[in-house]
Number of protein chains: 2
Amino acid sequence: MSEYLTPGEVAARFDVSHDTLRYYERAGVLSAVERSASGHRRYRSADVELLDLVRCLRETGMPIAALRTFADLIRAGEGTVDERIDLLVEHDAQLGERIEVLTARRRHIQGKIAYYRSLRETSAD
Amino acid sequence: MSEYLTPGEVAARFDVSHDTLRYYERAGVLSAVERSASGHRRYRSADVELLDLVRCLRETGMPIAALRTFADLIRAGEGTVDERIDLLVEHDAQLGERIEVLTARRRHIQGKIAYYRSLRETSAD
DNA sequence: GGTTGACCTGGAGTGCACTCCAGGTGCGAT
DNA sequence: ATCGCACCTGGAGTGCACTCCAGGTCAACC
């Protein structure tokens, strides 16, 4: 049990590619990660926790640029907690709306399915 | 009250651009629409209804290629109702999963917000 | 009869988030 | 020693869904 994860382990854990990890680093979403003597990345638990949140935000539609802003706030230290809250609250609100829209659209789709099924039964007589 | 809508009216009703409408037509999602003598498009109620469903499916993440497949089934006539049902049921299932994932992620984000708020209260002492 | 505005065309361009490439390094196992 | 493999680099390429562009047509209104 080592104190860090290798790129392969991180990629497997979050189901992202090695390239995506490097992309996040280049984009400033993950700060430059520690390296071994041979230059290989070593992901510490702080990196892994940030990545966990990053993936959560990405999967819910936050763009890379906003993620970068958020990561910058974290790096800037504890004085930025209010701003982080604002950012997350805003995202949460958008996400709530998005889920509502998707749910409404889903009902529409289910209505269409029911309609098609009614057609099928009628013609099956 | 005319029997058709102009491109501008359709664009306004569905909040899409004139270009998007043309794009859907080029992509085979909307079949070639009726034209006036001067070449302007005229959207009949059948076109508008299809577009309504198309937008619903697009907003819920169905790719253009699948939408094209679906539109082709509609054009192929009533014999394809079973296939249309299959396609919509599959999409509905994926959408259900997606909503669940988003909802779970949202709880994670809300947990993070609560955590940050607890930090803020502690430091405010 | 000139101007305006909504519309027309084919094709090129955009933004996003990756994803791939070619060539190179280090290291444990055979 | 040499093989295979996981990793490294900068930079180019990809796929998707639009979105924009330049130049043109047409009907209506002043």
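Only this structure's heavy atoms are used, side chains among them; waters, hydrogens and symmetry mates stay out. Residue numbers begin at 1 in each chain, while the letters A, B, ... track the order of the sequences.
Around the CD atom of B:Glu59, the shell of radius 6.0 Å holds more than 12 heavy atoms that belong to other residues, nucleotides or ligands.
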Checklist line | Sequence-aligned protein contact record of nucleotides 24-30 of chain D, with B where the base is within under 4.0 Å of a protein heavy atom and S where only the sugar-phosphate is | finding: --S----

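The cluster map of Ile, Leu, Val, Met, Phe, Trp and Tyr, joined by side-chain heavy atoms under 4.5 Å apart, puts B:Leu57 and A:Tyr115 in the same cluster. Hydrophobic clustering (ILVMFWY, side-chain heavy atoms < 4.5 Å, transitive): B:Phe70 and A:Leu119 are in one cluster.
Distance CZ (A:Arg68) to C1' (C:dC16): 16 Å, rounded to an integer number of Å. Look at CG on A:Leu51: it is 11 Å from P on C:dC18, rounded to the nearest Å. Atom CZ in B:Arg42 sits roughly 12 Å away from atom P in C:dC8 (whole-Å rounding). One atom, CG of A:Leu5, and another, P of D:dA6, lie 16 Å apart when rounded to the nearest Å. Atom CD in B:Glu9 sits roughly 12 Å away from atom P in C:dA6 (whole-Å rounding).
Between A:Arg26 and B:Ala65, the residue whose closest nucleotide on DNA chain D is further toward the 5' end is A:Arg26.
Taking only side-chain nitrogens and oxygens, B:Arg41 comes nearer than 4.0 Å to OP1 or OP2 of C:dT9.
Defined by atom type and a distance below 3.5 Å, a donor-acceptor pair is missing between the side-chain atoms of B:Thr6 and B:His40.
Within residues 13-25 of chain A, the residues that have a heavy atom under 4.0 Å from DNA chain D are, in order of number, A:His18, A:Arg22.
In this structure, A:Arg42 is positioned above the aromatic face of A:Tyr4, its NZ or CZ under 6.0 Å from the six-membered ring centre and within 45° of the axis.
Between A:Arg44 and A:Asp47 no salt bridge is recorded (no basic side-chain N to carboxylate O distance below 4.0 Å).
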Enumerate, atom names and distances included, each donor-acceptor pair closer than 3.5 Å involving a side-chain atom of residues 73-81 of chain A, sequence neighbours excluded.
from: A:Arg75; atom 1: NH1; to: A:Gly28; atom 2: O; distance (Å): 3.3
from: A:Arg75; atom 1: NH1; to: A:Asp72; atom 2: OD1; distance (Å): 2.7
from: A:Arg75; atom 1: NH2; to: A:Gly28; atom 2: O; distance (Å): 2.8
from: A:Arg75; atom 1: NH2; to: A:Val29; atom 2: O; distance (Å): 3.0
from: A:Thr80; atom 1: OG1; to: A:Leu73; atom 2: O; distance (Å): 2.7
from: A:Thr80; atom 1: OG1; to: A:Gly77; atom 2: O; distance (Å): 2.8
from: A:Thr80; atom 1: OG1; to: A:Arg84; atom 2: NE; distance (Å): 3.0
from: A:Thr80; atom 1: OG1; to: A:Arg84; atom 2: NH2; distance (Å): 3.2

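Atom NZ of B:Lys112 is separated from atom CG of A:Leu88 by 8.5 Å, given to the nearest 0.5 angstrom.
Residue A:Arg35 is in sugar-phosphate contact alone, with no base atom involved, counting any heavy-atom pair closer than 4.0 Å across all strands shown.
If you check D:dG10, D:dA17, C:dC18 against the side chain of A:Arg58, the one that comes closest is C:dC18.
Counting only heavy atoms from C-beta outward, the side chains of A:Thr60 and B:Arg106 never approach each other to under 4.5 Å.
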